[in-house]
Amino acid sequence: MGRAATPLRVRHGYAVNGLRDRVRRFLQRPGTVDLRPYLALLPDVTGRQPAVDRLPDAGLTSLARATTDDAGICALGREAARRGLGQQPFDVQLLGTLAMLSGQIAEMATGEGKTLSGALAAAGYALRGRSVHLMTVNDYLARRDAEWMRPVYDLLGVSVGWIGQASSPEDRSAAYAAQVTYGPVSEFGFDVLRDRFVTDVRALIAGPPDVAIIDEADSVLIDEALVPLVLAGRVEAAESWLGMAEVARRLRPGLDYQTDEEGRNVYLTDCGTQAVEAALGIDLYTDAHVGTLTRVNVALHAQALLRRDVDYIVRDGKIALISPSRGRVARLQRWPDGLHAAVEAKEGLSISRSGEILDSLTIQSLVGRYPVTCGMTGTAVTVGEQLREFYGLEIAVIPPNRPCVRADEPDRLFATVAQKENALADHVASVHDTGRPVLIGTLDVAESERIAARLARASLNCTVLNAKNDAAEAAIVAEAGSRGAITVSTQMAGRGTDIRLGGTEGDHSEEIATLGGLHVVGSGRHSCARLDQQLRGRSGRQGDPGSSVFFTSMQDELVTRYAPDSAPPAQTAGDGRMRELAAKATVEHAQRVAEGVSLEIHRNTWRYNKLVEDQRRIVLEHRDRVLRAGAALPALARRSPDRFTVLSAVASDAVLAEAARQITLWHLDRAWADHLGFLAEVREGIHLRALGRGLDPLDQFHKEAVPAFSRLFRAVEERSVETFETVPITAQGADLGAAGLKRPSATWTYLVEDNPFGTDIDRALHSVARTIRTILPGR
Ligand code: ADP
Ligand code: MG
């Protein structure tokens, strides 16, 4: 090929060299992927460009059909994006695509254009004959991204679809039939759960898992990893939580119960135990009352540890949870049933219906089903170790297209929350006076309201973006970069939405840039530095000017929870501002402790889940053989040869096979739901029993869970044989309803909020924070 000196080629050649330098200079971080093989492909991509450029659209599509190599996918993808979106992907975006095509997590800063990088990777997998699920954090982004990227997919001849909460089964089937399917993570999980209960192969919707590309990968794979997705069925009456809430309400803090310093656990004292026993007229610590003891603890947890407007809000007579990792109302999420009812009782609300859990699946398990996983996010490096440990994923740190020039100022530290908030309001007022847009990130809803009220008193108009108006949050965040805008937002509200200087219309964008761009103010450090980074990242996109600063105080929950015994540094200014390095070290130390605690919780919860997960896999493999391969009839015929002979005279083999399948599936599904219920009970109760005897709760859990599981298959077989011998079977089939073997008439799905309830693990971990505090360097 001749050296055609097209401007395009020259430009890319130049860019590659510059990029190589930048990669060398500051991006070879230890423990991350070496980008050189990807960089080495870029000249090849550029080299193919002239030939690809000349193709008509149809020619592009047919060439794509014959292309499976990395460089070819990038060259065609780049051209398809240029034609379809009018945007030519930058080299760095292709590096991200290449990392994802190699099954890695691409770390690319906010605003670098991950949507396009991910779409090109998805198209690449599709061109290689794979089926791709592109997972987003919510419905809105799934639909937005699928529709946004559709022209690119069309040009490459790759079909694309999306699913959302409201999608009908027909829409879902159609979306899954596409080569690339966008959807919120939870919906992919719910479809797996629903499919797992079908009794007819034709009713399956989702198809086998193949390639998962995960957007905001750290948030999904780490922060939300252990959120169980639940499929429930049938309605049962709620327990009498109101009485229990009343008992808990009368208990006196400090006297009747104590909470630990992290505020994660609450314990009855002897005095409190006596009070409860007197109120209920029972002896709590006898085996007969383990259930009651659990309920007392749940009610006490609801009373003492869950705070209105921090952990939940009351809206329309219902409890709406606030997601700790996102600081916004988590739609459809509930706590475990008992805790949810207990909080409803605490707030004097009517108790919502609860159903029997038929099956549940954590996001970590969902992702684990895919043979290929990759993803993208702005903040992965700090959780690199966990991504490797839990998912075997490597991180490729992709440099920004234009260097980030955002100025991250040092924290401003104060003695008290009041001093901090005063200073924050003054600060916002002075930046606002210059005309620069200000985005204030808060830790929870209550704080966002407090700060908004404080700003209003100073006659500063602001838009509050929090749990209470999340419907419009994407549109509001998109305008947060407008001249003079002040936006108060809880963490991650409007995530995935680009904040352009000058808002969506780009009005005054040059002027705003000259003034200094978007200024981000954090009202406190988050429980992990990664979330701080995400907030800062809202400013300074694509080389824009911008700045960020955090205001913290020694009364912030982070400090009081995780560094409670640090000596209060002497304050040095009239406004409470602290100037000592020691104060800064305390905050950072508290953050490291908090990060350690959440990692330990993840590890431990996963150890429990792993066992349940292994058992589920075995059950599902068996179920699949019954569903697809017709394993049921031979098994039943072998056990009941006489009955089989009798039935063979009245019904065809096909009818008998179907009857046997229905009977076996019913008992198998029933037994699994019972087993799950049993495991939940064991897990709840085990800590109380294990702790008393100095035993390891996890060992105890295994001791009960393993034998129970080995009994499960035998029980299913026995019950199936019994049904086979007794249920009426005619030429039309088996009448399972006559034997009371009805499937749940209605099922529904929901998410359970991750672990706000001090479960066994949590309680067992109450000493972890203390240990981590002592082993970490720092104060
Ligand atoms: P991220 O997910 O990385 O935060 P987005 O995918 O939301 O970023 O993209 C941010 C913005 O950058 C969008 O407005 C998008 O249109 C724009 N963009 C992405 N790629 C390019 C490109 N190659 N050229 C110009 N604009 C781009
Ligand atoms: Mg994005």
Side-chain angles (χ1 to χ4, degrees), residues 8 11-12 15 19 42 45-46 49 74-75 77-97 99-100 105-123 134-152 182 184-185 213-220 326 374-380 396-402 404 406 439 473-475 477-481 492-506 509 518 520 533-544 546:
L8 200 63
R11 201 165 71 233
H12 282 292
L19 200 53
L42 291 180
V45 174
T46 309
Q49 211 74 37
C74 287
R78 171 174 268 170
E79 181 59 16
R82 193 182 65 78
R83 292 187 199 181
L85 303 174
Q87 288 175 347
Q88 166 135 321
F90 305 118
D91 284 340
V92 288
Q93 281 174 295
L94 296 184
L95 294 182
T97 301
M100 286 184 257
I105 300 287
E107 186 185 78
M108 299 166 68
T110 308
E112 286 292 305
K114 289 186 283 297
T115 317
L116 181 53
S117 284
L120 296 185
L134 209 148
M135 304 185 170
T136 61
V137 288
N138 61 36
D139 262 41
Y140 164 79
L141 292 173
R143 179 180 185 160
R144 183 198 74 172
D145 293 355
E147 295 306 340
W148 180 9
M149 295 295 135
R150 190 180 291 282
V152 183
Y182 283 75
V185 186
I213 300 183
I214 303 166
D215 194 9
E216 312 288 4
D218 57 329
S219 159
V220 171
R326 285 183 282 174
C374 60
M376 48 195 171
T377 172
T379 43
V397 179
I398 313 292
N401 185 48
R402 287 202 277 150
C404 178
R406 186 186 62 236
L439 175 72
E473 67 189 27
V477 160
E479 301 301 338
M492 290 310 105
R495 201 169 179 190
T497 303
D498 201 24
I499 303 186
R500 292 174 57 189
L501 295 185
T504 43
E505 300 300 322
S509 62
L518 176 67
V520 165
Q533 253 346 89
Q534 285 172 4
L535 177 60
R536 291 192 204 275
R538 312 273 350 207
S539 159
R541 63 179 276 287
Q542 296 270 353
D544 281 346

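Here, residue 1 is the first one in the sequence, and each next residue gets the next number. All ligand and atom numbering here is 1-based and tracks the order in the structure.
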Give the C-alpha distance, both sets of side-chain angles, the deciding distance and a yes or no for side-chain contact (heavy atoms from CB on, under 4.5 Å) between Tyr182 and Leu141.
CA-CA 9 Å; Tyr182 283 75; Leu141 292 173; over 6 Å; no

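- With Gln542 contributing its side chain and Asn401 its backbone, the two residues share no donor-acceptor pair below 3.5 Å.
- Listed for the Arg538 side chain is no donor-acceptor partner under 3.5 Å among the backbone atoms of Leu439.
- Between Thr136 atom OG1 and Leu134 atom CG the span is 7.5 Å, to the nearest 0.5 Å.
- Here the side chain of Arg78 pairs no donor or acceptor atom with the backbone of Val45 at under 3.5 angstrom.
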Check: every ligand 1 N/O to protein N/O pair under 3.5 Å:
{"residue": "ligand 1", "atom": "3 (O)", "partner": "Glu112", "partner atom": "N", "Å": "3.4"}
{"residue": "ligand 1", "atom": "3 (O)", "partner": "Gly113", "partner atom": "N", "Å": "3.1"}
{"residue": "ligand 1", "atom": "3 (O)", "partner": "Lys114", "partner atom": "N", "Å": "2.9"}
{"residue": "ligand 1", "atom": "3 (O)", "partner": "Lys114", "partner atom": "NZ", "Å": "2.8"}
{"residue": "ligand 1", "atom": "4 (O)", "partner": "Gly111", "partner atom": "N", "Å": "2.6"}
{"residue": "ligand 1", "atom": "6 (O)", "partner": "Lys114", "partner atom": "N", "Å": "3.4"}
{"residue": "ligand 1", "atom": "6 (O)", "partner": "Thr115", "partner atom": "N", "Å": "3.0"}
{"residue": "ligand 1", "atom": "6 (O)", "partner": "Thr115", "partner atom": "OG1", "Å": "2.4"}
{"residue": "ligand 1", "atom": "8 (O)", "partner": "Gly113", "partner atom": "N", "Å": "3.2"}
{"residue": "ligand 1", "atom": "14 (O)", "partner": "Asp498", "partner atom": "OD2", "Å": "3.0"}
{"residue": "ligand 1", "atom": "16 (O)", "partner": "Gln87", "partner atom": "NE2", "Å": "2.9"}
{"residue": "ligand 1", "atom": "20 (N)", "partner": "Gln93", "partner atom": "NE2", "Å": "2.9"}
{"residue": "ligand 1", "atom": "23 (N)", "partner": "Gln88", "partner atom": "O", "Å": "2.9"}
{"residue": "ligand 1", "atom": "23 (N)", "partner": "Gln93", "partner atom": "OE1", "Å": "2.9"}
{"residue": "ligand 1", "atom": "26 (N)", "partner": "Gln87", "partner atom": "NE2", "Å": "3.4"}

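- Environment of CZ in Arg144: crowded, with over 12 heavy atoms of neighbouring residues, nucleotides or ligands closer than 6.0 Å.
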